[in-house]
Amino acid sequence: MQQVPAQLTPSEDRGVIFAFVRGADATSYNRMAANMDIVEDRIMPLLDKGFLKSFSIQSPAFGGQAGDQTGFVIMILEDWNQRDVTAQEALGEVRKALAGIPDVRVFPFMPGFRGGSSEPVQFVLGGSDYPELQQWAEMLKLEAENSPLMEGAEINYSEKTPEMVVTIDRQRAAELGISVADISDTLEVMLGGKTETTFVERGEEYDVYLRGDENSFNNASDLSQIYMRTVSGELVTLDAVTRIDEVASSIRLSHYNKQKAITVTANLSEGATLGAALDFLDQKAIELFPSDISVSYSGESKDYKENQSSILVVFALALLVAYLVLAAQFESFINPLVVMFTVPMGVFGGFLGMVIMEQGLNIYSQIGMIMLIGMVTKNGILIVEFTNQLRDRGIEFEKAVIDASARRLRPILMTAFTTLAGAIPLILSTGAGYESRVAVGTVIFFGMGFATLVTLFVIPAMYRLISASTQSPGHVEAELNKELSHDVKSRASHG
């Protein structure tokens with residue numbers, strides 16, 4: 001089990017590849033647009049290689065929520081039947097094409113769980129102080145970058161975004177008759193733009209923005225070119241009533257679970273699994289972090305952790321339900337134990353299949369494991385049920401076990417072969433979503449095959465060891481009928 005890599009879902013070929021482009025903090029939109037043109041020039045030759053159908057570029061990424069210094073590329077692959085390479089192989093070609101672009105970092109990746117476009121690794125550090133959190137986050141980011149499991153590690157906090165803080169000399173402004181609102185509106189119009197009116201053309205309404213010439217404002221001293229009118233009608237420069245300081249700040253202050261938080265994000269390296277990456281970060285957090293720094297997860301990482309904790313509960317409940325149903329069927333708590341010995345055999349076969357097929361333990365293979373509980377127990381049910389019937393007929397215990405095993409061999413093998421035959425198309429499947437079908441098929445094929453071979457010997461042996469002192473439900477019924485008939489005869493003789 002420890003040799004099988006753990007993951008939330010297998011890396012699925014969804015016919016699309018994403019690329020996140022990130023520039024330095026506070027990179028202007030115009031500069032970022034020029035960088036995205038370079039990205040476009042790098043991707044364009046891939047359209048002739050037979051696997052890339054089209055692509056679209058947007059900057060800033062996600063409508064500006066990630067900042068002006070970001071960009072996002074969506075690359076649509078050819079249909080599965082029209083290309084010879086998988087999405088993983090195409091991702092390798094995209095990485096080569098987009099490597100080495102100056103001024104920006106490009107992180108190509110495949111869509112995650114439910115087609116998400118965020119990084120699969122999202123490790124959240126919580127605490128009471130952002131500078132302290134940043135110190136530990138930077139340290140963990142360095143560890144992630146140096147590991148072979150992750151690439152493109154980033155943190156969502158950086159005090160490198162340049163910011164101009166305008167401090168108003170309120171007394172001086174009041175003497176000149178200039179209000180704070182006037183100063184604010186002037187800065188908004190000159191630097192950002194403000195909609196003042198609309199106009200209609202051909203049935204469409206458009207906003208009209210009033211904005212200063214952006215080429216005239218390259219540094220803080222250029223703000224002295226802005227003039228404002230005093231209450232007496234005279235013109236004064238903006239710096240006559242304000243002081244402008246350049247500072248560095250963070251673009252966002254994130255919180256998680258009501259705590260100040262910084263998130264370390266990263267993409268998985270080729271061949272790495274989410275479970276291995278999170279285990280690596282967990283271990284580093286234990287080694288490096290003080291006790292006042294909390295650790296949690298977000299996004300796909302959170303889904304993975306919740307899945308890992310809940311699958312054990314689901315598996316235990318499935319075993320309990322199967323045992324209780326068998327206990328009701330056999331009217332015994334001992335005979336079902338014999339049948340339940342088939343489950344470890346099936347689980348072992350499932351893990352063995354994942355190792356042979358180089359599969360990981362994910363939600364699909366976990367579904368296959370739960371299905372195995374019902375599939376492999378039917379072998380034991382057939383043998384135990386028929387052994388009880390033979391014992392009811394008065395056949396000696398040892399002979400009943402041997403006869404039941406021999407006479408139930410054919411139906412056991414027939415049902416096993418049909419199950420194995422049904423799993424083969426899943427293992428050999430291709431096309432959209434084949435990764436999930438292969439995961440389920442692998443567990444069922446190897447788990448059922450191994451359990452069938454082994455339980456043919458284990459079930460009779462365990463029945464011989466455990467159930468020798470038990471009686472079948474038919475025996476109880478026979479004893480009751482015997483007592484009833486004896487009672488009837490006694491009454492008849494006394495009557």
Side-chain angles (χ1 to χ4, degrees), residues 20-41 57-73 101-106 157-201 204-253:
F20 184 70
V21 185
R22 185 178 185 86
D25 290 339
T27 299
S28 67
Y29 171 76
N30 291 337
R31 183 174 176 181
M32 197 63 196
N35 291 326
M36 296 305 292
D37 290 339
I38 299 175
V39 172
E40 182 178 357
D41 294 338
I57 293 178
Q58 57 175 274
S59 180
F62 313 118
Q65 296 180 10
D68 287 346
Q69 72 277 10
T70 60
F72 196 69
V73 186
I101 299 178
D103 202 34
V104 293
R105 299 178 66 186
V106 185
Y157 180 88
S158 174
E159 293 184 346
K160 298 179 182 179
T161 303
E163 185 178 275
M164 289 189 297
V165 178
V166 179
T167 304
I168 301 174
D169 186 342
R170 294 179 179 269
Q171 182 177 353
R172 177 63 174 161
E175 292 173 354
L176 296 175
I178 301 174
S179 67
V180 174
D182 290 339
I183 297 174
S184 175
D185 291 341
T186 301
L187 287 172
E188 180 183 5
V189 171
M190 299 303 294
L191 301 180
K194 183 178 182 181
T195 178
E196 294 293 342
T197 185
T198 60
F199 76 95
V200 178
E201 181 180 348
E204 296 289 339
E205 186 178 44
Y206 299 91
D207 291 323
V208 178
Y209 282 87
L210 181 63
R211 181 180 180 181
D213 183 9
E214 62 181 19
N215 296 321
S216 300
F217 303 102
N218 296 315
N219 52 62
S221 61
D222 290 338
L223 296 182
S224 62
Q225 302 177 31
I226 301 176
Y227 286 83
M228 301 191 66
R229 194 171 297 277
T230 66
V231 68
S232 62
E234 297 178 353
L235 292 175
V236 296
T237 59
L238 182 65
D239 56 359
V241 291
T242 61
R243 185 184 78 252
I244 300 175
D245 300 312
E246 292 189 53
V247 299
S249 63
S250 176
I251 196 172
R252 66 171 62 87
L253 299 175

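The figures here come from the full heavy-atom set of this structure, side chains too, leaving out hydrogens, waters and symmetry mates.
Within the structure, side-chain hydrogen bond (donor to acceptor under 3.5 Å, both in side chains) contacts touching residues 173-183 (residues at least two apart or in different chains) are Ser179-Asp182. Sorted pairs that involve residues 219-228 and meet salt bridge (charged side-chain N to carboxylate O under 4.0 Å, His left out), not counting sequence neighbours, are lacking altogether. The salt bridge (charged side-chain N to carboxylate O under 4.0 Å, His left out) contacts involving residues 223-234 comprise nothing, where partners must be two or more places apart or lie in separate chains.
Here the side chains of Arg31 and Asp103 are in contact, with some heavy-atom distance below 4.5 Å. The shortest distance between side-chain heavy atoms of Leu176 and Val236 falls below 4.5 Å. Taking the side chain as every heavy atom from C-beta outward, Ile101 and Asn35 never approach each other to under 4.5 Å.
Of the inter-residue distances, the one linking Ile178 atom CD1 with Ile183 atom CD1 reads 6.0 Å to the nearest 0.5 angstrom. The OG1 atom of Thr70 sits 8.5 Å away from atom CD of Gln58, with the distance rounded to the nearest 0.5 Å. Atom CZ in Arg243 sits 11.5 Å away from atom CD1 in Ile168 (nearest 0.5 Å). The CG atom of Leu191 sits 5.5 Å away from atom CD1 of Ile226, with the distance rounded to the nearest 0.5 Å. Going from atom CG of Asp37 over to atom CD1 of Ile57 covers 8.0 Å, rounded to the nearest 0.5 Å.
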>> What verdict does the side-chain contact (heavy atoms from CB on, under 4.5 Å) test give for Lys194 and Val189, after you've listed the backbone C-alpha separation in whole Å, the side-chain angles of each residue and the deciding distance to 0.1 Å?
In response: CA-CA 5 Å; Lys194 183 178 182 181; Val189 171; 4.0 Å; yes
>> side-chain contact (heavy atoms from CB on, under 4.5 Å), that's the test. Do Met36 and Val73 meet it? Break it down for me.
In response: CA-CA 9 Å; Met36 296 305 292; Val73 186; 4.1 Å; yes
>> Between Val247 and Glu163, does the side-chain contact (heavy atoms from CB on, under 4.5 Å) criterion hold? Intermediate values first, please.
In response: CA-CA 5 Å; Val247 299; Glu163 185 178 275; 4.0 Å; yes
>> Go through it in stages, so that I can follow the logic: the residues are Leu238 and Met190, the test is side-chain contact (heavy atoms from CB on, under 4.5 Å), and I'd like the CA-CA distance, side-chain angles, deciding distance and then a yes or no.
In response: CA-CA 12 Å; Leu238 182 65; Met190 299 303 294; over 6 Å; no
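In this structure, Arg172 places its CZ atom where only 12 or fewer heavy-atom neighbours from other residues, nucleotides or ligands lie under 6.0 Å away. Remark: Arg170 CZ is loosely packed, at most 12 non-hydrogen atoms of other residues, nucleotides or ligands lying under 6.0 Å away. Atom CD of Glu196 is surrounded by more than 12 heavy atoms from other residues, nucleotides or ligands within 6.0 Å.
The only member of Val208, Leu210, Asp207 that meets side chain to side chain contact (heavy atoms under 4.5 Å, CB included) when paired with Thr195 is Asp207.
Closest heavy-atom contact between Gly193 and Tyr209: C-CD2, 4.3 Å. Nearest approach of Met32 to Ser59, heavy atoms of both residues: CG-OG, 3.6 Å.
Using modelled atom types, no side-chain atom of Thr167 and backbone atom of Ile244 make a donor-acceptor pair closer than 3.5 Å.
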